[in-house]
Asker: 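Once you've had a glance at the structure underneath, I'll fire off some questions.
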Amino acid sequence: SIIEALKSKYINRYIVSTDDKEIKDIALKYGAEVPFLRPKELASDTATSLDAIKHAIQFVEKEEDTTYDFVVEIMCTNPLKTVEDIDCCTKKLIDTGADSVIAVHKLEDHHPLRIKKIVNDKIVDFCLSEKPESRRQDLKPDAYVRSGSIYAVKRDELMIHNRRYGTNNSRPHILPPERAVNVDTEIDFMIAEKLIEKG
């Protein structure tokens with residue numbers, strides 16, 4: 001993520017927010033800035049990405065005595081994004097006047113119509129009713145999920161309205177499946193590692 005972010009033609013300052021000294025050292029080695037260590041209350045299991053990014057913005061704006069127009073959050077848990085993805089999100093944010101542009105990817109096998117819940121040991125449609133014997137490839141409209149990879153956002157949406165997405169002017173950047181891996185589990189890590197090995 002650092003290598004790709006530093007290639008961006010739109011990002012004029014790239015910092016890593018972490019509470020971990022080892023991560024700080026790695027980030028510095030690859031050319032990112034780490035001007036602070038994140039406070040412990042923003043590094044807990046219950047802390048949100050929004051709180052961490054707001055802290056980083058407050059720190060940088062105070063340090064520089066300026067106010068930014070746009071913020072691009074590039075999540076380290078999605079290591080296969082490219083500079084093209086980063087710059088497409090940023091350009092689309094600027095060109096369209098969107099509140100945010102976020103990376104999404106198409107759900108091939110987990111369409112919302114196929115999602116169920118279990119109530120009293122019975123399978124029940126979760127939110128939408130599925131026509132019995134529907135084929136996966138026939139489920140429409142196409143469904144997309146936030147990839148958790150890139151959030152290009154107007155600064156005030158973050159700092160004043162407390163959101164990275166979800167307005168009626170939030171727009172997509174569609175990642176191909178090979179760049180949409182989100183590392184949350186050991187299996188995700190193994191998939192990402194194999195894709196990186198393959199180039």
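Values below: every heavy atom of this structure, side chains too, minus hydrogens, waters and symmetry copies.
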Asker: Please determine whether the number of non-hydrogen atoms from other residues, nucleotides or ligands lying under 6.0 Å from atom CD of Glu63 exceeds 12.
Answerer: yes
Asker: Given Ser147, which of Asn182, Leu80, Leu175, Val181 fulfils the side-chain contact (heavy atoms from CB on, under 4.5 Å) condition?
Answerer: Leu175
Asker: Enter the distance from Lys62:NZ to Thr67:OG1 here, rounded to the nearest 0.5 Å.
Answerer: 13.5 Å
Asker: Is there a path of hydrophobic side-chain contacts, each under 4.5 Å between heavy atoms of I/L/V/M/F/W/Y residues, joining Leu113 to Phe126?
Answerer: no
Asker: Restricting to pairs with a member in residues 174-193, which pass ring pair (Phe, Tyr, Trp, His ring centres under 6.0 Å), not counting sequence neighbours?
Answerer: none
Asker: Can you get from Ile115 to Val145 by hopping between Ile, Leu, Val, Met, Phe, Trp and Tyr side chains that sit under 4.5 Å apart?
Answerer: no
Asker: Measure the spacing between CD1 of Ile86 and OG of Ser8 and express it to the nearest 0.5 Å.
Answerer: 6.5 Å
Asker: Run the numbers on Ile150 and Ile102 for side chain to side chain contact (heavy atoms under 4.5 Å, CB included), then give the verdict.
Answerer: CA-CA 6 Å; Ile150 306 164; Ile102 66 170; over 6 Å; no
Asker: Under 3.5 Å, side chain of Thr96 to main-chain N/O of Lys92, donor-acceptor pair present?
Answerer: yes
Asker: Do the side chains of Ile15 and Val60 get nearer than 4.5 Å, heavy atoms only?
Answerer: yes
Asker: For the NZ atom on Lys194, are there more than 12 heavy atoms of other groups (residues, nucleotides or ligands in this structure) within a distance under 6.0 Å?
Answerer: no
Asker: Is there a continuous path of hydrophobic side-chain contacts, each under 4.5 Å between heavy atoms, that joins Ile187 to Ile196?
Answerer: yes
Asker: Distance only, no hydrogens: is a donor on one side chain within 3.5 Å (strictly under) of an acceptor on the other, for Asp99 and Ser170?
Answerer: no
Asker: Scan residues 15-47 for pairs that pass ring pair (Phe, Tyr, Trp, His ring centres under 6.0 Å), counting only residues two or more places apart or in two chains.
Answerer: Phe36-His55, Phe36-Phe59
Asker: Using 0.5 Å steps for rounding, measure from the CZ atom of Arg146 to the CE atom of Met75.
Answerer: 9.5 Å
Asker: If we ignore angles and hydrogens, is there a donor and acceptor under 3.5 Å between the side chains of Ser149 and Asn78?
Answerer: no
Asker: Between Glu157 (side chain only) and Asn162 (backbone N and O only), is there a donor and an acceptor less than 3.5 Å apart?
Answerer: no
Asker: Where do Arg163 and Val153 come nearest, in terms of heavy atoms and distance?
Answerer: O-CG1, 4.0 Å
Asker: With sequence neighbours excluded, give me every salt bridge (Lys or Arg N to Asp or Glu O under 4.0 Å) pair touching residues 14-40.
Answerer: Arg13-Glu33
Asker: Locate the shortest heavy-atom distance separating Val183 from Pro79; write the atom from each residue and the value.
Answerer: CG2-CD, 4.0 Å
Asker: Would you find more than 12 non-hydrogen atoms of other residues, nucleotides or ligands less than 6.0 Å from Ile160 atom CD1?
Answerer: yes
Asker: Using every non-hydrogen atom in the two residues, find where Glu61 and Tyr68 come nearest and quote the distance to one decimal.
Answerer: OE2-N, 2.9 Å
Asker: Which residue pairs pass the ring pair (Phe, Tyr, Trp, His ring centres under 6.0 Å) test with at least one member in residues 102-122, sequence neighbours excluded?
Answerer: none
Asker: When you check the side-chain N and O atoms of Lys81 and Ser1, is any donor under 3.5 Å from an acceptor?
Answerer: yes
Asker: Please check if any side-chain donor atom of His173 sits under 3.5 Å from a side-chain acceptor atom of Asp85, or the reverse.
Answerer: yes
Asker: How far apart are the closest heavy atoms of Glu73 and Ser49, and which atoms are they?
Answerer: OE2-CB, 3.8 Å
Asker: Tell me, yes or no, whether the heavy-atom count around Leu128 atom CG, taken from other residues, nucleotides or ligands under 6.0 Å, exceeds 12.
Answerer: yes
Asker: Going by atom types alone, do Asp87 and Thr90 pair a side-chain donor with an acceptor below 3.5 Å?
Answerer: no
Asker: I need the Leu28 CG to Ile2 CD1 distance, nearest 0.5 Å.
Answerer: 8.5 Å
Asker: SG/Cys88 to CG/Leu93 distance, rounded to the nearest 0.5 angstrom?
Answerer: 12.5 Å
Asker: Is there a path of hydrophobic side-chain contacts, each under 4.5 Å between heavy atoms of I/L/V/M/F/W/Y residues, joining Val16 to Leu42?
Answerer: no
Asker: What's the shortest heavy-atom distance between Asn169 and Gly97, and which atoms?
Answerer: ND2-O, 3.2 Å
Asker: Quick check: closest heavy atoms across Ile11 and Ala5, and the distance to 0.1 Å?
Answerer: CD1-O, 4.2 Å
Asker: Do Tyr165 and Val104 sit in the same hydrophobic cluster, where Ile, Leu, Val, Met, Phe, Trp and Tyr count as joined when their side-chain heavy atoms come under 4.5 Å apart?
Answerer: yes
Asker: Out of curiosity, Ile53 CD1 to Arg155 CZ, how far, rounded to the nearest 0.5 Å?
Answerer: 12.0 Å
Asker: Counting only heavy atoms not in Tyr144 (residues, nucleotides, ligands), do more than 12 fall under 6.0 Å from its OH?
Answerer: yes
Asker: With sequence neighbours left out, which residue pairs that include part of residues 101-110 fulfil the salt bridge (Lys or Arg N to Asp or Glu O under 4.0 Å) condition?
Answerer: Lys106-Asp142, Asp109-Arg114
Asker: Hey, is the main chain of Thr82 close enough, under 3.5 Å, to the side chain of Lys7 for a donor-acceptor pair?
Answerer: no
Asker: For residues 7-28, which residue pairs pass the ring pair (Phe, Tyr, Trp, His ring centres under 6.0 Å) check, not counting sequence neighbours?
Answerer: none
Asker: Please lay out, stage by stage, how Glu178 and Lys198 fare under the test side chain to side chain contact (heavy atoms under 4.5 Å, CB included).
Answerer: CA-CA 11 Å; Glu178 68 273 12; Lys198 288 188 161 193; over 6 Å; no
Asker: For Lys54, does the NZ atom have more than 12 heavy-atom neighbours from other residues, nucleotides or ligands under 6.0 Å away?
Answerer: yes
